[in-house]
**Student:** 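Following this message is one structure expressed as structure tokens.
Predicted model only: the values in this text are computed from it and were never measured. One-based numbering along the sequence shown.
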Amino acid sequence: MASTSQTLAGWRWRQHGSAAKEWHPCSHSRPTTEIFTDLLDAKRIPDPFLDRNERLVQWVGEMDWEYECDFAHQPSDSHARQDLVFEGLDTFASVYLNEQLILTSSNMFHRHRVNVTDKLRSGINVLRITFRSALHEGRAIEAKHGKLRAFNGDSSRVHVRKAPYHYGWDWGPILLTCGPYREIHLESYSSMISDVFVNPTVTEDLQRCTLDVSWSASLDQDAVVDVTVTSPSKLVFHVQSTLAAHETHGRVSLGIPQPELWYPAGHGAQVFYNVEVQVRSNSGATLHTDTTQIGIRRLRLVQQPLREEPGTSFFVEVNNHPVYISGSNWIPDHSFLTALTPEDYKKSVEACLEGNQNMLRIWGGGIYEHDALYAECDRQGVLVWQDFMFACGQYPCYPEFAASVEREAVDQLKRLRQYCSVVLYAGNNEDYQVAEMLKLDWDPNDHSGDWTKSNFPARTIYETILPAVVSEYSPGVPYHPASPWGGNGTEDRTIGDIHQWNVWHGSQEKYQLWDKLTGRFVSEFGMLGFPSAKSVSRFVTDPAQRFPQSAVLDHHNKADGAERRLALYVMENIRVDSMRLDSWIYGTQLIQAECLAFAVRSCRRQWKGPGREYCGGQLIWQINDCWPVSSWSLIDFYGERKLAFFATKRESAPLAIGIGRSTPELKKLKSPPPQLLGPPHDLVNKKYIFDVWAVNTTLQKAAVSVEVRLFDTQTGELRQKMPLGNQILGANRSMELAEDCTIDNRTAVQAIMLHADGRVVSRASDWPQPLKYVTLPSTYKIELQVLDGRVDITSDAPVKGLELYLADEEREVRWDDNCVDVFPGDTYVVQAQGLVKGDDVRVRYYGSDWIPNRAVSNA
């Protein structure tokens, strides 16, 4: 009889060691659960996401908890063995089956298979798991092995293999949950294979692929293994192998001519081969079947010398096509992982694509994500940069810790290696920056491979243990020792990747200087913004606390520097005439949108073609939130798109036009000057220039026409038209269209790029900086035509950052675009799913708080 698998569910919970031994049934039937969601469902704690309730639930993480469930088992002569398979236990767990200890675990990222054949009984069995407090266990380990530095969270976290963000981060709460957060299965079999790995190798000319198929085996008899591969076009390839009962591993190879290749979004189709591995007895009976789906692609991380500039490139190449990366960093999408569903992950990947993004970096302070996320990335063509789970700390490397990490890496690579969307593994997040900050022993010229006796022992993990495991278990995917990493230290912009936090953190540069801050690959950068007003009303339950400086809103801002830095960037750049909550939200989101737009277009401009890939991509920090908070996210916890989502969507479009304003002196500089040339905000007696360029990240040349128009910001009048005529944009690169055009600092510039048939491909605008010094027209005439599914916007003067919203906040409308700059003579059309003709659509825009005679008509 073929093997069977039963997923355990029906959990109940209680506090361990409490006087009352009463069990509380979970209010759901899910196979996974955790203590915070169960306490919430039972109304034993207030919702920690609301108000300042986080402070009231800290006791939960200091307690030990128990879970228990029942399951039925009927012995069968056809199944000589039964295993309990644990996909993930969070974190310090002791597992009892019918009151016999069968497993102890101390790593959230381990997977376990336990033979329980002799411990099962016929009928009902009971599985009980005790979870000990990770905080107390971690502090005991810290007391034994010594205190190390951790940035964000309790210092003991670096000794514990648990999701670091559970300890609190500069965007997340301290919620130390526990429980069976991944599924548990009872598998019954006599002969079975596991850890099936289908490893494709594609020739350089893409004309042939070799599929190596390997597996582990547990057999009670000699067996025949049939491997059948079905292509996307239904071609069938087959190979057969035999296994003796004593053999524990097997491998076969198949040749696939003219392979049908998987491509990332925007570069080709996402197609998959189906691979079935069937184990049969010599008499032909099916003993076990494993089916998997794979995408075949040729992958390279290209780091090679560049023309005209120092250092080396850093970009991803798939099927011989360089892929420019516009993407985001991904943190866990919820503080309570079991609250998420596959549909949630699907929506998140769709949001990534909606924003014209093609990569998610699974950040090293979270978790190795749920299979549903990777499967969706495979299906939709979103590439994945996968960190190992180390972040912002001085980690140890004593023998038991190193052994646990090595097993963690093996367990997770065996799970992740089948996803073709995973294109890079990185050893950690910012731990080499920590080493620099703490002046730890780090000599890049020391290649001994063993640094366990130094005060930077984790270097042995990042440069010896992890690359060896990746090479063995996922040989087709490049390994990068850290993020950031490369060159002469972590801030070297000419080699490897950088985290560019000198806007917001660090030297707190003006975001208008982002063109001086790019690197070969910018894997983190950001600007903080408030969540939407609609979201604030959901987590701030007391209306009296709904003002920008309230205790509740400050509690939901964990950022280093918090309101000080946010106020710095707001006050430095825009005029603020009101501290009403809706005005402050708009102001912070406008600054976030402006900053990230500057950054994205500065990076994309440096993708200049073969040999001149001066920037291979940028990853915004961050796309999502794990709870309601003011943060760097593009989409707040409740799914509301911030203004920056739309600004970066436009800048990341496959065909996009860009404008940059500077002075001749500033343009020549490669890095931000120690101080701006002249007084910081001197707008007189300077010569200003602007450039226009376009980016085409498609694989075909594009025929377009371009017109540039100059407007007086004070009167709104059109000053000049500059037709740049017909242009042929080269494939997969940027192209300069106009340089060093003279301008004064009372002029706003608009560029429109059109297809040959007159359709607008892309718009760009550039305004005098800082915006707070710009004198705007004393009146506006803005007209909205509200139709089914769209809004047409016109204005008699240039409008900065016009946001559309519904008067009825309860209605759901999905805006395709928002926070738009509208210029006279150009009707801006915004698609809006769910909008109905005649809906009461409102607008706010830069200056709408303080221009007394604004006029908006809504037709």
Side-chain angles (χ1 to χ4, degrees), residues 512 573-578 583 586-587 590-591 593-594 597 643 646-647 650 657-661 681 683-684 686 688-690 692 706-724 738 741-754 760 762-786 791-805 817-830 841-859:
Q512 293 88 344
N573 286 286
I574 61 174
R575 179 173 165 178
V576 178
D577 270 27
S578 169
S583 296
Y586 174 81
L590 178 64
I591 291 302
E594 288 286 286
L643 301 185
F646 301 104
R650 293 190 295 269
I657 194 164
I659 308 172
R661 181 185 305 237
H681 298 310
L683 302 185
V684 298
K686 279 188 177 179
Y688 290 91
I689 56 175
F690 71 90
V692 182
V706 177
E707 181 177 83
V708 176
R709 303 190 299 161
L710 311 183
F711 290 87
D712 188 305
T713 58
Q714 186 167 339
T715 68
E717 295 176 358
L718 174 64
R719 284 183 166 183
Q720 183 183 354
K721 288 186 178 181
M722 296 175 54
L724 300 183
C741 303
T742 303
I743 194 176
D744 66 30
N745 232 32
R746 187 173 149 172
T747 300
V749 185
Q750 185 198 31
I752 303 179
M753 186 162 67
L754 302 104
V760 174
S762 175
R763 294 179 177 90
S765 59
D766 180 82
W767 295 69
Q769 298 290 333
L771 287 168
K772 67 180 180 179
Y773 290 161
V774 176
T775 302
L776 297 175
S778 58
T779 61
Y780 279 100
K781 184 181 179 183
I782 300 170
E783 295 185 343
L784 308 181
Q785 186 176 13
V786 180
V791 179
D792 296 352
I793 313 167
T794 58
S795 175
D796 67 339
V799 181
K800 179 67 188 172
L802 184 144
E803 179 187 11
L804 299 166
Y805 64 98
D817 201 358
N818 220 328
C819 192
V820 297
D821 293 356
V822 182
F823 287 80
D826 176 26
T827 300
Y828 208 118
V829 179
V830 175
V841 176
R842 306 287 178 87
V843 302
R844 61 172 61 91
Y845 51 89
Y846 179 61
S848 58
D849 269 345
W850 44 274
I851 294 174
N853 297 315
R854 64 192 182 103
V856 179
S857 66
N858 189 341

**Student:** Are Ile782 and Tyr845 side-chain neighbours, meaning at least one heavy-atom pair lies under 4.5 Å?
**Tutor:** yes
**Student:** Can you tell me if Ser578 and Asp849 form a side-chain donor-acceptor pair at under 3.5 Å?
**Tutor:** no
**Student:** Starting from the C-alpha separation in whole Å, work towards a yes-or-no answer on side-chain contact (heavy atoms from CB on, under 4.5 Å) for Thr715 and Arg746.
**Tutor:** CA-CA 10 Å; Thr715 68; Arg746 187 173 149 172; 3.7 Å; yes
**Student:** Given Leu771 and Glu594, is the side-chain contact (heavy atoms from CB on, under 4.5 Å) satisfied, shown in steps?
**Tutor:** CA-CA 11 Å; Leu771 287 168; Glu594 288 286 286; 4.2 Å; yes
**Student:** Could you tell me whether a side-chain N or O of Ser762 sits under 3.5 Å from a main-chain N or O of Ile657, the two making a donor and an acceptor?
**Tutor:** yes
**Student:** Mark yes or no for whether Asn745, through its side chain, and Pro768, through its backbone, hold a donor-acceptor pair below 3.5 Å.
**Tutor:** no
**Student:** Which value, rounded to the nearest 0.5 Å, describes the distance between Leu710 atom CG and Asp744 atom CG?
**Tutor:** 9.0 Å
**Student:** For Tyr846, enumerate each residue passing the ring pair (Phe, Tyr, Trp, His ring centres under 6.0 Å) test, keeping only those at least two apart in sequence or located in another chain.
**Tutor:** Trp850
**Student:** Should Ile793 and Leu804 count as side-chain neighbours, where that means a heavy-atom distance under 4.5 Å?
**Tutor:** yes
**Student:** Using side-chain heavy atoms (C-beta onward) and a distance below 4.5 Å, is Val576 in contact with Ser583?
**Tutor:** no
**Student:** Any donor-acceptor pair under 3.5 Å linking the side chain of Asn818 with the backbone of Phe646?
**Tutor:** no
**Student:** How long is the gap from CG on Leu590 to CG on Asn573, to the nearest 0.5 Å?
**Tutor:** 9.0 Å
**Student:** Is the backbone N or O of Gly801 less than 3.5 Å from a side-chain atom of Asp821, with the two atoms forming a donor-acceptor pair by type?
**Tutor:** yes
**Student:** Would you compute the distance between atom CG of Asp826 and atom CZ of Arg763 and round it to the nearest 0.5 angstrom?
**Tutor:** 4.0 Å
**Student:** So which heavy atom on Ile574 is nearest to which on Lys772, and how close?
**Tutor:** C-CB, 3.5 Å
**Student:** Does Glu717 pair with Arg719 as a salt bridge, N-O distance under 4.0 Å?
**Tutor:** no
**Student:** Is any side-chain heavy atom of Ser795 less than 4.5 Å from a side-chain heavy atom of Pro824?
**Tutor:** no
**Student:** Working to the nearest 0.5 angstrom, can you tell me the gap between Glu783 CD and Thr794 OG1?
**Tutor:** 4.5 Å
**Student:** Quick one: closest heavy-atom pair of Thr713 and Pro777, and the distance?
**Tutor:** O-CD, 3.0 Å
**Student:** Could you please spell out the steps behind the side-chain contact (heavy atoms from CB on, under 4.5 Å) verdict for Val749 and Val692?
**Tutor:** CA-CA 10 Å; Val749 185; Val692 182; 5.7 Å; no
**Student:** If you round to the nearest 0.5 Å, how far is CG of Leu724 from SG of Cys741?
**Tutor:** 7.5 Å
**Student:** Apply side-chain contact (heavy atoms from CB on, under 4.5 Å) to the pair Leu643 and Tyr586, showing each step before the final yes or no.
**Tutor:** CA-CA 8 Å; Leu643 301 185; Tyr586 174 81; 3.9 Å; yes
**Student:** If the condition is salt bridge (Lys or Arg N to Asp or Glu O under 4.0 Å), which residues does Asp817 pass it with, not counting sequence neighbours?
**Tutor:** Arg650
**Student:** Mind checking the CD-CD spacing from Glu707 to Gln750? Nearest 0.5 Å is all I need.
**Tutor:** 8.5 Å
**Student:** Work out which heavy atom in Phe690 is nearest to a heavy atom in Met722; give both atom names and the distance.
**Tutor:** CZ-SD, 3.9 Å
**Student:** Applying ring pair (Phe, Tyr, Trp, His ring centres under 6.0 Å), can you list everything that pairs with Phe823, at least two apart in sequence or on another chain?
**Tutor:** Phe711, Trp767
